[in-house]
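Side chains are part of it too, since the values below use all heavy atoms of this structure and drop only hydrogens, waters and symmetry mates. All chains are named by letter (A, B, ...) in the order of the sequence lines, taking the proteins before the strands, and each is independently numbered beginning at 1.
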2 protein chains.
Amino acid sequence: MQRSSKKTSLGPPQKPAQKRATLKEVAKTAGVSLASASYALNGTGSLGEATRDHILQVADKLGYRQNLSARAMRTGKTGALGLVLPDLTNPFFPTLAQSVIQTARQRSYSVFVTDTEGSEELEIASIRLLVEHGVDGIVWFPVGDRNTAGTLLSGVPTVVIDRTIPGFESIQADYAGGGRLAAEHLVQAGHTSIGIISGPTDVLSMRQRCDAAASYIQQHGKLAYRVVNAFSTDLEPKVKEAIRSRAATAVFVGADLIALGVMQYAQSIKLKVPAQLSVIGFDDVPWAQMTSPALTTIDMPLGEMAAEAVAALLRRTDEQADLRRKIVFDTALVQRGSVQRPAKR
Amino acid sequence: MQRSSKKTSLGPPQKPAQKRATLKEVAKTAGVSLASASYALNGTGSLGEATRDHILQVADKLGYRQNLSARAMRTGKTGALGLVLPDLTNPFFPTLAQSVIQTARQRSYSVFVTDTEGSEELEIASIRLLVEHGVDGIVWFPVGDRNTAGTLLSGVPTVVIDRTIPGFESIQADYAGGGRLAAEHLVQAGHTSIGIISGPTDVLSMRQRCDAAASYIQQHGKLAYRVVNAFSTDLEPKVKEAIRSRAATAVFVGADLIALGVMQYAQSIKLKVPAQLSVIGFDDVPWAQMTSPALTTIDMPLGEMAAEAVAALLRRTDEQADLRRKIVFDTALVQRGSVQRPAKR
DNA sequence: CAGACGAACTTAAACGTTTCACTCTCTTCA
DNA sequence: TGAAGAGAGTGAAACGTTTAAGTTCGTCTG
């Protein structure tokens with residue numbers, strides 16, 4: 001893949017640069033006071049209908065656009081929210097980000113999106129910057145469960161997604177329920193010997209999924225193995241070994257990304273999925289339906305969760321929130337092609 | 001997929017809300033003037049080393065954070081950029097967004113990300129809002145090639161990505177070159193009868209890819225068919241028909257997403273990819289390596305392009321830019337599993 | 001030793017809004 | 001007829017910074 005030359009060429013003409021009209025200018029050319037202009041544009045105060053219309057017309061003619069920085073100075077509200085994410089290219093964050101952005105827009109808020117690259121240091125820097133921008137609220141998907149940056153955001157309303165950080169309102173999916181759902185599905189398909197491949201266990205939500213699955217499996221059959229892999233399609237030796245051992249006819253994998261790696265590895269060693277190894281994932285990332293076989297997995301309503309996060313944030317502007325609150329969304333099984341009954345023995 | 005119940009439970013305690021210290025407070029408790037405090041924190045002006053250190057210490061102790069809105073009022077620079085995208089969940093935008101965010105951060109800028117949902121109306125609304133926020137620059141991936149919102153952003157430095165809109169500096173990949181590269185690869189693999197499945201043709205960059213491919217194919221073999229499909233994995237009847245006709249042993253598809261649909265459809269009618277139909281895509285979206293067979297495609301350096309866009313934007317702050325400039329990045333062939341020599345006849 | 005100069009620091013204006021408090025002019029009603 | 005009140009509008013302060021212009025004081029120079 002050779003590349004990276006950059007060519008430059010010339011295209012069509014220019015556009016004019018022009019200073020934006022201020023409210024004062026609108027007031028002056030409309031022949032009213034600054035206050036009246038402000039009242040007219042905000043629809044507040046008590047103005048005659050005629051004057052109001054006139055002012056609005058003038059504002060329109062001048063192409064007036066409000067200056068939110070100035071307004072923020074006076075009112076303390078910037079009309080901006082912050083979204084702090086570990087890694088935008090990780091396939092379930094775009095869904096989340098989109099939903100946050102859309103629900104924010106519906107309420108005329110803009111969203112600063114930051115990507116912390118999985119680093120707590122950058123997370124701190126990002127939050128610091130958001131605070132300096134004076135955001136009205138932050139939706140935070142922390143890198144880990146530790147409260148690294150929490151102290152920084154003095155007084156800024158914050159909702160944590162997916163993680164559990166003491167002192168913060170939190171939005172989560174029912175991870176334990178999802179893990180149980182997955183295990184149940186495998187058991188009902190007739191599997192009795194089931195393995196678990198977990199993602200990194202330093203995050204509570206991952207432990208919850210796998211613990212719930214494990215306990216269900218132990219009650220209804222045999223837990224063949226339980227191993228841990230990094231959050232990646234590359235499998236670690238002991239994980240490969242577990243798969244190769246064929247001790248299980250089905251595996252519950254804690255994350256779709258890893259599940260993909262599992263399917264690829266299985267197929268590479270001529271283990272048929274799902275005929276010889278059923279695989280069920282967790283997350284329902286967008287490409288889960290594009291693998292072959294399509295991945296059966298557990299979905300969580302990321303979009304709804306994000307929307308709820310924004311809603312919770314904006315609710316706070318008015319009432320005083322209960323920061324101890326924890327909102328949990330249901331997960332759901334989405335059945336595709338990577339699970340089937342085990343072969344007769 | 002039944003779901004959407006929401007449970008609420010209570011967790012741990014509170015955090016205190018506290019007003020941020022202002023520069024004036026720092027000045028007062030340090031026993032200096034407002035100006036000195038400002039100079040100290042910005043490292044400007046001429047202050048004695050002792051006073052400066054003292055002020056910084058006080059600021060630190062008070063947990064002082066600058067108020068960027070206020071600063072913006074005075075300086076006209078908000079330290080924010082805008083990124084306008086049609087659809088965050090479309091798989092190549094996250095890469096782009098991440099890169100914009102990262103390079104922006106390296107220069108201490110924050111990024112407002114907006115998702116216009118492919119609608120020109122929302123595009124206009126978004127840009128309007130960004131202007132009101134006073135962003136120092138906008139990276140714009142327009143919905144189409146029409147200059148819908150361009151007039152709104154009076155004076156705000158803007159760089160357009162991927163599209164061509166008169167009057168704007170533009171960053172593009174060498175789409176024609178990429179199309180040729182793809183055609184060349186198919187021809188070199190021995191194909192003589194090649195089809196083209198294009199994406200929506202209302203966008204210049206799509207026409208460029210396919211035109212270039214078509215003209216290369218016509219020079220070196222036979223253009224079996226050329227059909228158009230929406231930007232989706234669902235294929236339209238005439239596209240399916242073209243594939244079913246088996247008039248071509250290979251197809252160039254204008255977008256990876258559509259290419260995926262092509263592979264799925266081909267396999268569904270028992271056409272082996274690549275044995276009976278070689279497929280080459282365009283974009284190199286992240287999941288292109290996860291399909292089976294893995295998709296051979298044309299990559300464009302989205303990350304670099306995004307970084308360059310931000311750089312170009314920030315360059316403008318100082319010098320006066322040449323708005324007619326157009327920067328073109330090279331594309332590259334990335335060979336994977338979906339292309340092979342045609343079967344002997 | 002006068003004058004100039006530079007270093008260190010302060011004063012105050014300005015950026016574009018919002019909003020409280022106020023004024024003025026009519027109506028209305030007792 | 002006179003007071004009250006409502007309706008329509010204005011004046012000016014305040015938000016938290018930056019920065020040009022000014023002040024003070026000590027030191028250097030000729």
Side-chain angles (χ1 to χ4, degrees), chain A residues 18-56 58-59 62-80 108 129 131-136 154-155, chain B residues 19-56 58-59 62-80 108 129 131-136 154-155 317:
Chain A
Q18 205 179 346
K19 248 187 93 46
R20 277 159 60 192
T22 79
L23 192 56
K24 201 190 321 192
E25 283 157 15
V26 171
K28 193 187 299 178
T29 85
V32 296
S33 73
L34 190 51
S36 297
S38 174
Y39 288 136
L41 284 153
N42 291 320
T44 55
S46 67
L47 285 188
E49 200 170 336
T51 14
R52 164 159 309 165
D53 289 352
H54 176 227
I55 295 174
L56 290 179
V58 169
L62 294 185
Y64 170 74
R65 300 266 76 102
Q66 62 180 329
N67 178 328
L68 287 177
S69 298
R71 165 193 276 242
M73 278 226 55
R74 186 64 230 257
T75 62
K77 303 258 136 246
T78 53
S108 293
L129 199 51
V131 169
E132 293 182 337
H133 274 293
V135 291
D136 297 336
S154 40
Chain B
K19 248 189 92 46
R20 277 159 62 191
T22 79
L23 193 55
K24 199 187 327 191
E25 283 157 15
V26 171
K28 193 188 299 182
T29 85
V32 297
S33 75
L34 189 51
S36 296
S38 174
Y39 288 137
L41 283 153
N42 291 319
T44 55
S46 67
L47 286 188
E49 199 170 336
T51 13
R52 163 160 310 165
D53 289 353
H54 176 226
I55 295 174
L56 291 179
V58 169
L62 293 185
Y64 170 74
R65 300 264 76 101
Q66 61 180 331
N67 178 327
L68 288 177
S69 297
R71 166 194 276 244
M73 277 227 56
R74 184 64 231 254
T75 63
K77 304 258 135 243
T78 52
S108 293
L129 199 51
V131 169
E132 293 182 337
H133 274 293
V135 291
D136 297 336
S154 41
T317 308

dist Leu34(A):CG -> Lys24(A):NZ (nearest 0.5 Å) comes out at 7.5 Å
Considering only heavy side-chain atoms of Tyr64(B), the closest of dT17(D), dT17(C), dC15(C) is dT17(D)
Per-nucleotide protein contact along nucleotides 5-11 of chain C, 5' to 3', at a 4.0 Å heavy-atom cut-off (B base, S sugar-phosphate only, - neither), is ---BBBB
pair Gln66(A)-Leu41(A): side-chain heavy atoms closer than 4.5 Å | no
Rounded to whole Å, CG of Asn67(B) lies from P of dT17(D) at a distance of 5 Å
From CD of Glu25(B) across to C1' of dT17(D) the rounded distance in Å is 14 Å
Glu49(A) versus Asp53(A): any side-chain heavy-atom pair under 4.5 Å?
yes
To the nearest angstrom, the CD-P distance between Glu132(A) and dT17(D) comes to 10 Å
Those residues at least two apart in sequence (or on a different chain) that pass side-chain hydrogen bond (donor to acceptor under 3.5 Å, both in side chains) with Ser69(A) are none
(message) Just to be sure I understand the rule, does Ser38(A) reach a base, reach only the sugar-phosphate, or reach nothing, if contact means heavy atoms closer than 4.0 Å?
(response) base
Exercise for review: Decide side-chain contact (heavy atoms from CB on, under 4.5 Å) for Ile55(A) and Ser36(A); before the verdict, give the C-alpha distance in whole Å, the side-chain angles of both, and the deciding distance to 0.1 Å.
Suggested key: CA-CA 8 Å; Ile55(A) 295 174; Ser36(A) 297; 4.2 Å; yes
Whole-Å distance, Lys77(A) NZ to dA14(D) P, equals 22 Å
Met73(A) atom CE is separated from dT17(D) atom C1', nearest whole Å, by 7 Å
His133(A) NE2 to dG16(D) P, in whole Å, measures 18 Å
Atom CG of Leu23(B) and atom P of dC15(D) are separated, to the nearest Å, by 14 Å
In whole angstroms, the gap separating C1' of dG16(D) from NZ of Lys28(B) amounts to 14 Å
Fill in: Side chain Arg20(A), main chain Val131(B), donor-acceptor under 3.5 Å
yes
